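Encoded as structure tokens, the structure appears first; notes follow it.
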Amino acid sequence: MAPVPIQVFTQAATDAPAVRAALLDWYDAHGRTLAWRVGPGASRPDPYRVWLSEVMLQQTTTAHATPYFLAFTQRWPTVDDLAAAADSDVMAAWAGLGYYARARNLLACARAVSGEHGGVFPNTEVGLLALPGVGAYTAAAVAAIAFGRPANVVDGNVERVMARLFAVETPLPAARPELKRLAGSLVGDERPGDWAQALMDLGATVCRPGQPLCERCPLTAWCAGFQAGRPERYPLKSPKVQRPRRRGVAWVLRDARGRVALVRRPDKGLLGGMLGLPTSEWSSATIEGPPPAPADWRDAGAVEHVFTHFSLTLDVRSGEGGGDFVWTPVDEALAALPTVFRKALERGLG
Ligand code: SF4
């Protein structure tokens, strides 16, 4: 990396207009084309599409979220359409995106916008924050991108850019308030939606995790991390806490017609309201418990899955039998099940 002469290096905070202009110019030329965007400088996008994309993108990559976004907007083109959808249809369409509480919040929010706001999203951060399931990040993103409000939109990408730009020595997660304040120092009234998306794009494509591509960055002249020669050091991180491991058993039961036995999970708790395979409890020690129905159960191996707060090893048993279940054709089950159960079903089918 070529060193920047010290005389051209300026603190980003003291030169916010120049930083904004440089990044917006870069965005006009290099911003990503995404299904939910209307392009730099174009008229504002539909708040419904912005909100839906932001909810889907939490903890999910743009590549993974895009087919879901296209499927949702084709099936439910407006917030009123989504509000009128059956819970089970939305949960099935969400399967594979993970973090299923978000799908329930999505429906609650759509119904609030449709029922209490006449199908029109509130156009301020405060108004958006009052909607069910809408947190600070989503409210800021929708306010900036859909309504042109100068909101401070800070996701993981933006945190990383700020940590490098200002060479923040406090490790994450303690640095979050400081990173948010620094990001706020750069927000201006000019093209706030494009600014938010430009920062996200810079973080995703140039100031990316690991080694940043500083040679392609429009902000090197203001970047303290670059100036110090080791931008990849930032953001500093506190030592990782090991995820606890749980174990359990999943039963893949098929009937004489080849359908698979599913159960509707309780509304509250992990994967609440979703269809799933019958399972044992998931705990630190394997508690197999009684199978859900009599069958000639066979050991089909195990699958691994990582949730936010724990890692799970599911031992899979397969067998044929009957009983009081939601009997579902295998193809439909594979399409509708959350990822952890889909993996277990595939293992059980051999
Ligand atoms: Fe990130 Fe490098 Fe740009 Fe600094 S110069 S913001 S480290 S890509």
Side-chain angles (χ1 to χ4, degrees), residues 34-38 43-60 62 64-156 158 180 187 192-193 196-197 200 264-275 308 336 338:
L34 300 171
W36 42 88
R37 286 198 179 163
V38 293
S43 59
R44 288 189 194 129
D46 177 356
Y48 168 62
R49 292 167 69 88
V50 176
W51 162 76
L52 183 63
S53 66
E54 291 299 340
V55 176
M56 286 183 169
L57 284 169
Q58 288 163 29
Q59 317 279 348
T60 306
T62 53
H64 188 59
T66 297
Y68 287 90
F69 176 83
L70 294 173
F72 265 67
T73 49
Q74 187 173 29
R75 189 167 177 186
W76 300 296
T78 69
V79 69
D80 292 324
D81 296 324
L82 182 61
D87 289 37
S88 55
D89 286 347
V90 174
M91 298 307 257
W94 189 272
L97 268 175
Y99 300 90
Y100 295 92
R102 278 191 284 144
R104 289 196 295 279
N105 284 334
L106 187 86
L107 260 179
C109 182
R111 286 171 184 160
V113 172
S114 184
E116 296 160 28
H117 298 272
V120 178
F121 277 83
N123 65 7
T124 63
E125 240 180 305
V126 173
L128 289 159
L129 257 179
L131 293 170
V134 172
Y137 169 79
T138 307
V142 176
I145 298 167
F147 298 113
R149 305 274 183 191
N152 189 18
V153 187
V154 183
D155 67 357
V158 177
K180 188 162 187 182
V187 172
Q197 292 174 107
M200 291 176 198
R264 175 77 59 192
R265 297 178 61 83
D267 279 341
K268 292 247 179 311
L270 192 69
L271 306 171
M274 306 290 295
L275 283 170
T308 323

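Keep in mind the model is a prediction, meaning the values are calculated, not measured.
In this view, Ala85 and Trp76, Val90 satisfy the side-chain contact (heavy atoms from CB on, under 4.5 Å) rule, not counting sequence neighbours. Residues passing the side chain to side chain donor-acceptor pair (under 3.5 Å) test with Ser53, sequence neighbours excluded: none. Residues passing the salt bridge (Lys or Arg N to Asp or Glu O under 4.0 Å) test with Arg75 are Asp89, sequence neighbours excluded. A search for side-chain contact (heavy atoms from CB on, under 4.5 Å) contacts involving Asn105 returns nothing, not counting sequence neighbours. The side-chain contact (heavy atoms from CB on, under 4.5 Å) test applied to Ala95 returns Met274, not counting sequence neighbours.
Going from atom OH of Tyr68 over to atom CE of Met56 covers 9.0 Å, rounded to the nearest 0.5 Å. Rounded to the nearest 0.5 Å, atoms OG1 (Thr78) and CG (Asp46) are 8.5 Å apart. Here the CG-CE distance, from Leu97 to Met91, works out to 11.5 Å after rounding to the nearest 0.5 Å. For the atom pair Thr124 OG1 and Leu129 CG, the distance stands at 8.5 Å (nearest 0.5 Å). Rounding to the nearest 0.5 angstrom, the gap separating the CG atom in Leu52 from the SG atom in Cys109 is 10.5 Å. Between the CH2 atom of Trp36 and the CD atom of Gln197 there is a distance of 10.5 Å, given to the nearest 0.5 Å.
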Candidate pair His117 and Leu131, rule side-chain contact (heavy atoms from CB on, under 4.5 Å), full reasoning: CA-CA 10 Å; His117 298 272; Leu131 293 170; 3.9 Å; yes
Handout entry: Derivation of the side-chain contact (heavy atoms from CB on, under 4.5 Å) call for Leu82 and Leu106
Key = CA-CA 9 Å; Leu82 182 61; Leu106 187 86; 4.1 Å; yes
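When atom types are taken as modelled, the side chain of His64 and the backbone of Leu57 share no donor-acceptor pair closer than 3.5 angstrom. When atom types are taken as modelled, the side chain of Arg44 and the backbone of Ile145 share no donor-acceptor pair closer than 3.5 angstrom. In this structure, Thr138 contributes its side chain and Val134 its backbone to no donor-acceptor pair below 3.5 Å. Looking at Asp155, its side chain never comes within 3.5 Å of a backbone N or O of Met200 through a donor-acceptor pair. Checked by atom type and distance alone, the side chain of Thr73 pairs as donor or acceptor with a backbone atom of Leu70 at under 3.5 Å.
Under the 30°/60° scheme for interplanar angles, the aromatic rings of Phe72 and Trp94 are found to stand perpendicular.
In this structure, Ala143 and Ala151 approach most closely via the heavy-atom pair CB-CB, 4.3 Å. Nearest heavy-atom pair, Phe147 versus Pro122, reported as atom, atom and distance to 0.1 Å: CE1-O, 3.2 Å. A pairwise comparison of heavy atoms in Asp80 and Ser114 identifies OD1-OG, 2.6 Å as the closest pair. The two residues Gly148 and Pro192 have their closest heavy-atom pair at O-CG, 3.2 Å. In terms of heavy atoms, Val153 sits closest to Ala196 at CG2-CB, 3.8 Å. Looking at every heavy atom in both residues, Val50 comes nearest to Pro45 through CG2-CG, 3.5 Å.
Neither side chain, Tyr137 nor Gln58, offers a donor N or O lying under 3.5 Å from an acceptor on the other.
Annotation: salt bridge (charged side-chain N to carboxylate O under 4.0 Å, His left out) contacts involving residues 102-130, sequence neighbours excluded, comprise Asp87-Arg111.
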